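Computed from a predicted model, the values in this text were never measured in an experiment. Order of appearance sets the numbers: ligands from 1, and atoms from 1 within every ligand.
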Amino acid sequence: MRVITFDEFIAINQEKHPEATGELSGLLRDIGLASKIVNRDLSKAGLVDAILGDANEINVQGEEVKKLDIIANEVLKKCLQNSGQCCGIASEEEEDFVAFKNRKKAKYVVLFDPLDGSSNIDVIAPVGTIFSVFERVSKAGELCTLEDFLQTGEKQVAAGYVIYGSSTMLVYTTGEGVNGFTLDPTIGEFCLSHPDIKTPASAKTYSVNQGNYHSFPENVKKFVDYCQDTTDKKAFSLRYIGSMVADFHRNLLKGGIFMYPATKDSPKGKLRLMYECNPMAFLQEQADGKATNGTQRILEIVPTKLHQRTAVYIGSKKFVEMLVGFNNVTINPVELFDFVKNKIFSNPIL
Ligand code: AHG
Ligand code: MN
Ligand code: MN
């Protein structure tokens, strides 16, 4: 089979749109390049003492920052500034957005989580980079503004992630389906390995930090109880890596639901709308899945702050619908299983 590289794939898609200027294509290629550099730095993490471990800094979210978070942040920032297509960035690791003074004419802003699941690095578990691209709303030729970044997820023109695991893979969408590219380290290219990814409508995997069970909202508790109940003879599996990219990636390909509800410690949810939930919601919807905060579609949430957090339930359509269904219905445990069977599992699509 002929190998199609990421850069080639972007060029082929651009040709399908005669109106395209190539600016977004260039931007995506630069994100691909940045992730290869991050991948290289990560692969040395276990060997080089200087870059492994804590950076003795606290990020704007009040969390401990690992050195590689900072390195990945700098790599992405530099690559995007060098790309002529990006007028500014916002990052989980930056207090405020950064307007590129030498790129006032550029059309796009990029928001990113440079290293997701970074606490996993010390134990060599998968981590990732997540990105989200918007077209600016301010006038080209001037410095970009906060309004360029605070757009609803529906306005994203591209989004994706890179997972650094047993292989490194880049998965992205521009609103025309989801495609995945695995890095071939021998040639240093991302190669199309997972064309047109679709998430199965239903599945048997749920992903949640169940240690927080006692502070979950009632519908989430019911859902988790249902997943664990043996009387229904449906064996569900709990899979939780603690790195959103890795948990999401598994569920995107195999089906399942990833949940991070509001909890006692994180009353507004833990994950960030702009850097984590919006890009993943765009991908998940493009792959036929769903993403909600429990009451509202993630992509319709109007952001008020760059570092805004939200509860998130994302994955296979039927799974997410079931969870939301529990929200709207008061069910006692005896009725619970009939409700689920009728609402979800009697559906002929399944
Ligand atoms: P980050 O490393 O960018 O701060 O993200 C960590 C996030 C996310 O990747 C993961 O799903 C979640 O934190 C895990 O949180 P818990 O340890 O509370 O389960
Ligand atoms: Mn993260
Ligand atoms: Mn991070």
Side-chain angles (χ1 to χ4, degrees), residues 34-35 38-39 41-42 45 52-55 57-77 89-95 110-132 159-165 171 205-216 220 224 238-252 256-281 283-284 291 293 298 306-315:
S35 67
V38 173
N39 182 62
D41 293 342
L42 281 172
L52 178 66
D54 304 345
E57 275 187 47
I58 301 292
N59 75 5
V60 289
Q61 322 279 344
E63 299 153 337
E64 188 185 73
V65 177
K66 301 281 174 184
K67 250 193 179 175
L68 279 161
D69 288 301
I70 301 169
I71 293 169
N73 189 51
E74 291 305 319
V75 168
L76 277 147
K77 204 161 62 168
I89 58 104
S91 161
E92 184 203 23
E93 300 299 339
E94 304 268 350
E95 181 92 40
V110 182
L111 298 95
F112 54 84
D113 178 353
L115 214 52
D116 174 66
S118 51
S119 62
N120 278 318
I121 290 168
D122 292 351
V123 294
I124 322 183
V127 292
T129 295
I130 312 173
F131 62 91
S132 162
Y161 62 84
V162 181
I163 177 166
Y164 312 99
V171 178
T205 301
Y206 70 108
S207 311
V208 66
N209 185 342
Q210 213 157 294
N212 295 327
Y213 177 89
H214 291 289
S215 61
F216 286 168
V220 182
V224 170
L238 169 62
R239 294 281 182 270
Y240 191 71
I241 294 169
S243 166
M244 188 198 199
V245 167
D247 283 309
F248 178 86
H249 182 69
R250 182 197 49 246
N251 296 351
L252 181 79
I257 185 169
F258 173 86
M259 306 184 273
Y260 210 110
T263 61
K264 200 155 82 320
D265 289 344
S266 310
K268 292 187 171 163
K270 177 180 178 187
L271 300 182
R272 295 80 169 171
L273 175 64
M274 307 306 289
Y275 314 114
E276 294 168 321
C277 300
N278 265 343
M280 294 312 209
L283 288 159
Q284 189 62 87
N293 66 0
I298 291 288
L306 279 177
H307 297 293
Q308 189 165 328
R309 296 173 192 262
T310 178
V312 63
Y313 308 95
I314 185 166

Test of understanding: given a 4.0 Å heavy-atom threshold, classify the contact between [X] and ligand 1 as side chain, backbone, both, or neither.
{"X": "Gln210", "result": "neither"}
{"X": "Asp116", "result": "both"}
{"X": "Leu115", "result": "backbone"}

Under 2.8 Å from the Mn ion (ligand 3), can any N, O or S atom of Asp113 be found?
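So Asp113 counts as coordinating the Mn ion (ligand 3), yes.
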
Quick check on the Mn ion (ligand 3): does Leu115 put an N/O/S atom closer than 2.8 Å to it?
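A backbone or side-chain N, O or S atom of Leu115 is under 2.8 Å from the Mn ion (ligand 3).
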
Heavy-atom side-chain contact between [X] and [Y] under 4.5 Å:
{"X": "Thr129", "Y": "Asp116", "answer": "no"}
{"X": "Ser207", "Y": "Arg250", "answer": "yes"}
{"X": "Glu94", "Y": "Asn73", "answer": "yes"}

Proximal ligand 1 atoms for [X], defined as those under 4.0 Å from one of its heavy atoms:
{"X": "Phe258", "value": "11 (O)"}
{"X": "Asn209", "value": "16 (P), 18 (O), 19 (O)"}
{"X": "Gly117", "value": "1 (P), 2 (O), 3 (O), 5 (O), 6 (C), 9 (O)"}
{"X": "Ser118", "value": "2 (O)"}
{"X": "Tyr240", "value": "14 (C), 15 (O), 16 (P), 19 (O)"}
{"X": "Tyr260", "value": "15 (O), 16 (P), 18 (O), 19 (O)"}
{"X": "Asp113", "value": "3 (O)"}
{"X": "Glu92", "value": "1 (P), 3 (O), 4 (O)"}

Is there a heavy atom in Leu271 that sits closer than 4.0 Å to ligand 1?
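The answer is yes: ligand 1 sits under 4.0 Å from a heavy atom of Leu271.
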
Answer with yes or no whether the side chains of [Y] and [X] bring together a donor and an acceptor at under 3.5 Å.
{"X": "Ser132", "Y": "Asn278", "answer": "no"}
{"X": "Ser118", "Y": "Asp69", "answer": "yes"}
{"X": "Tyr260", "Y": "Ser266", "answer": "no"}

Between Tyr161 and Phe248, ring centroids under 6.0 Å
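For Tyr161 and Phe248, the ring centres are under 6.0 Å apart.
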
Please confirm whether the backbone N or O of Ile298 pairs with a side-chain atom of Asn293, one donor and one acceptor, at under 3.5 Å?
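Here the side-chain-to-backbone pair does not exist.
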
Checking side-chain contact (heavy atoms from CB on, under 4.5 Å) between Ser243 and each of Ile121, Asn120, Leu115, which is the one that passes?
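Output: one option passes, namely Asn120.
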
Considering only N, O or S atoms of Glu276, the one closest to the Mn ion (ligand 2):
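In Glu276, the N, O or S atom with the shortest distance to the Mn ion (ligand 2) is OE2.
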
Quick check: of its N, O or S atoms, which one does Asp116 have closest to the Mn ion (ligand 2)?
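The Mn ion (ligand 2) is closest to the Asp116 atom OD1, counting only N, O or S.
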
Please report the closest heavy-atom contact between Asp113 and Glu92, naming both atoms and the distance.
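That would be OD1-OE1, 2.6 Å.
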
Taking atom CD of Gln210 as the centre, report whether more than 12 heavy atoms of other residues, nucleotides or ligands fall under 6.0 Å from it.
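It does: Gln210 CD has more than 12 such atoms within range.
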
Taking atom 12 (C) of ligand 1 as the point of reference, which of Glu276, Met244, Lys270 owns the nearest heavy atom?
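Answer by nearest heavy atom: Lys270.
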
Closer than 2.8 Å to the Mn ion (ligand 2), do we get an N, O or S atom from Glu92, backbone or side chain?
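So Glu92 does not count as coordinating the Mn ion (ligand 2).
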
